[in-house]
Amino acid sequence: MSPGCSAYEGTIESQSTDYGIAPDSIELRASPHRKNLTISGTKRGVASNTAVHELLECPVCMKVMYPPIQQCPNGHTLCSKCQLKIRCCPICRHELGNIRCLALERVAESLELPCKYQVIGCQDIFPYHGRLRHEQNCRFRPYNCPYAGAECHVSGDIPFLMAHLKSDHKVDMHDGSTFNHRYVKSNPQDVENATWMLTVFNCYGYQFCLHFEAFNLGTAPVYMAFIRFMGDDHDARKFTYTLEVGAHGRKLTWQGIPRSIRDSHTKVRDSMDGLIIQRNIALFFSGGNKQELKLKVAGRIWKEEA
């Protein structure tokens with residue numbers, strides 16, 4: 001959960017050596033260069049010499065090194081990021097200086113490397129300098145946990161995230177493409193930033209996340225509901241959803257395309273890509289003396305015909 005946020009309930013009706021360095025991100029630790037590829041286009045087939053690939057593997061973080069590649073006085077190499085974090089060579093323990101290994105950089109420019117997500121399905125081979133650009137958008141890269149009610153740095157494929165959401169975040173999961181979800185909060189005037197519990201719907205063989213949040217749009221307090229798709233944007237565009245809220249003969253309706261969880265919930269919220277309800281309207285729909293939020297959000301997800 002981001003600072004200042006609080007979570008509220010909604011009810012449904014329907015091996016590498018440790019050198020004291022924290023990893024920058026979740027990384028596949030098994031080297032993708034230990035064996036040649038056997039699948040034969042971006043290019044598919046056998047990568048360049050495996051022994052040279054292993055020379056490009058930083059002995060500290062186990063990632064492929066890119067210029068500027070550093071070396072110790074004895075010629076042992078490591079990546080520039082790790083060189084900034086340690087004092088001694090991880091191989092010979094000699095004190096590190098600021099020596100650049102230009103020879104290895106020149107050799108590396110002629111190489112072709114497999115995607116680091118090879119072990120989970122990507123069989124493409126790329127020129128040395130093109131590999132990073134591909135990996136930033138590789139369709140096999142892990143998804144970040146879509147839970148918005150707490151800071152969560154877990155990532156993985158969709159089946160793994162589904163199990164994670166259920167066991168670790170206790171997220172409500174429901175089957176079906178239509179729903180009525182009720183959000184309740186006493187003293188809503190005191191709520192400036194809040195995130196209600198995530199709900200996941202299973203339909204059409206995919207999973208969809210329903211978000212509901214309270215925040216300030218400028219100086220105006222608002223509530224917002226939106227749906228994210230647990231998959232890539234290409235598949236998300238195959239679906240449409242509607243959300244509506246109302247009472248006393250009035251109704252607000254939103255129709256849109258679910259955003260992929262490749263986009264964070266904060267990015268979707270800040271782009272206002274969803275149903276936005278001003279607080280005074282939300283309290284009007286809640287009825288009573290406007291001292292309690294009782295908002296029912298109805299929705300439907302459907303698949304567009306090809």
Side-chain angles (χ1 to χ4, degrees), residues 10-14 41-42 117 120-122 124 134 136-148 155-166 169 171-183 195-213 217 222-246 250-277 281-282 285 295-306:
T11 58
I12 190 71
E13 298 173 358
S14 71
T42 323
Y117 302 122
I120 54 175
C122 184
D124 292 337
H134 159 78
Q136 291 172 355
N137 297 290
C138 178
R139 66 189 181 92
F140 291 98
R141 71 190 190 279
Y143 295 91
N144 294 325
C145 174
Y147 190 77
S155 65
D157 59 18
I158 300 302
F160 172 82
L161 288 181
M162 286 292 290
H164 164 69
L165 288 169
K166 185 175 183 178
H169 295 301
V171 166
D172 287 334
M173 297 188 180
H174 303 274
D175 296 326
S177 59
T178 61
F179 54 88
N180 285 284
H181 205 90
R182 185 163 52 91
Y183 298 97
T195 301
W196 273 257
M197 183 64 76
L198 181 72
T199 303
V200 175
F201 297 96
N202 298 293
C203 56
Y204 304 103
Y206 293 94
Q207 291 76 41
F208 301 81
C209 301
L210 174 63
H211 297 264
F212 189 77
E213 301 190 17
L217 187 57
V222 298
Y223 297 94
M224 182 174 177
F226 56 91
I227 286 179
R228 287 196 295 161
F229 174 77
M230 294 189 68
D232 281 322
D233 187 63
H234 172 75
D235 289 324
R237 290 195 293 267
K238 298 175 183 178
F239 298 91
T240 302
Y241 74 95
T242 58
L243 296 172
E244 66 176 48
V245 59
R250 281 89 169 171
K251 181 168 64 176
L252 292 177
T253 302
W254 167 265
Q255 179 172 314
I257 296 171
R259 296 278 287 271
S260 166
I261 59 171
R262 296 286 189 200
D263 292 336
S264 69
H265 86 283
T266 302
K267 181 177 181 178
V268 179
R269 184 197 67 190
D270 291 350
S271 66
M272 296 181 283
D273 192 0
L275 176 64
I276 298 176
I277 314 157
I281 299 297
F285 288 155
L295 209 57
K296 181 181 289 187
V297 178
R300 182 171 75 94
I301 303 165
W302 69 92
K303 189 173 183 178
E304 297 288 354
E305 296 296 331

| request: Side-chain contact test, heavy atoms from C-beta onward, threshold under 4.5 Å: evaluate it for H211 versus R269 and give yes or no. | output: no
| task | Could you tell me the separation between the CG atom of D175 and the CD atom of Q207, rounded to the nearest 0.5 Å? | result | 9.5 Å
| Side chain proximity check, Y147 to L161, heavy atoms < 4.5 angstrom | no
| said: I need the I276 CD1 to L243 CG distance, nearest 0.5 Å. | reply: 12.0 Å
| Side chains of V245 and I281: closer than 4.5 Å at any heavy-atom pair? | no
| Distance-minimising heavy-atom pair for G274 and M224 | N-CE, 3.5 Å
| message | Please verify the inter-ring angle class for H164 with F160; under 30° counts as parallel, over 60° as perpendicular, anything in between as tilted. | response | parallel
| query | Looking only at atom types and distance, does a side-chain atom of T240 sit under 3.5 Å from a main-chain N or O of W302, one as donor and one as acceptor? | reply | no
| query | Between the side chains of R228 and H265, is a donor N or O closer than 3.5 angstrom to an acceptor N or O? | reply | no
| said: side-chain contact (heavy atoms from CB on, under 4.5 Å), that's the test. Do I120 and D157 meet it? Break it down for me. | reply: CA-CA 9 Å; I120 54 175; D157 59 18; over 6 Å; no
| said: Counting C-beta onward and ignoring hydrogens, is there a side-chain heavy-atom pair between E304 and I257 closer than 4.5 Å? | reply: no
| said: Suppose we screen for side chain to side chain donor-acceptor pair (under 3.5 Å). Which residues come up paired with N144, at least two apart in sequence or across chains? | reply: none
| Nearest-0.5 Å distance that lies between atom CD1 in I277 and atom CZ in F212 | 5.0 Å
| note | Correct closest heavy-atom pair for F226 and D273 would be CB-O, 3.6 Å
| query | So do the side chains of C138 and D124 get within less than 4.5 Å of each other, counting heavy atoms only? | reply | no
| In Å and rounded to the nearest 0.5 Å, what is the CG to CD1 distance from D232 to I261? | 9.0 Å
| request: For residues G121 and F140, report the shortest heavy-atom separation together with the two atoms involved. | output: O-CZ, 3.4 Å
| query | Closest approach of A236 and S260, non-hydrogen atoms and distance? | reply | CB-N, 4.3 Å
| request: Look up atom CG in L275 and atom CD in Q255, then write down how far apart they are to the nearest 0.5 Å. | output: 12.5 Å
| Derivation of the side-chain contact (heavy atoms from CB on, under 4.5 Å) call for Y206 and F239 | CA-CA 10 Å; Y206 293 94; F239 298 91; 3.6 Å; yes
| A298: side chain to side chain contact (heavy atoms under 4.5 Å, CB included) partners, not counting sequence neighbours | N180, E244
| Nearest heavy-atom pair of F179 and R300: which atoms, and what distance? | CE2-N, 4.1 Å
| said: I'd like to know whether M173 forms a side-chain contact (heavy atoms from CB on, under 4.5 Å) with L165, so could you lay out the CA-CA distance, the side-chain angles of the two residues, the decisive distance to 0.1 Å, and finally the verdict. | reply: CA-CA 9 Å; M173 297 188 180; L165 288 169; 3.8 Å; yes
| Trace of the ring-ring contact (aromatic ring centres under 6.0 Å, His included) decision for Y241 with F208 | CA-CA 10 Å; Y241 74 95; F208 301 81; 8.7 Å; no
| query | Taking side chain as C-beta onward, heavy atoms only, is W196 less than 4.5 Å from L210? | reply | no
| said: Side chains of M272 and L217, heavy atoms from C-beta outward: is any pair under 4.5 Å? | reply: yes
| Atom CE in M162, atom CG in N202: separation rounded to 0.5 Å? | 4.5 Å
| Any side-chain heavy-atom pair of L252 and F285 under 4.5 Å | yes
| query | For R139 and H234, what are the C-alpha separation, side-chain angles and deciding distance, and is it a side-chain contact (heavy atoms from CB on, under 4.5 Å)? | reply | CA-CA 10 Å; R139 66 189 181 92; H234 172 75; over 6 Å; no
| message | Looking at every heavy atom in both P142 and R262, which two are closest together, and how far apart are they? | response | O-NH1, 3.0 Å
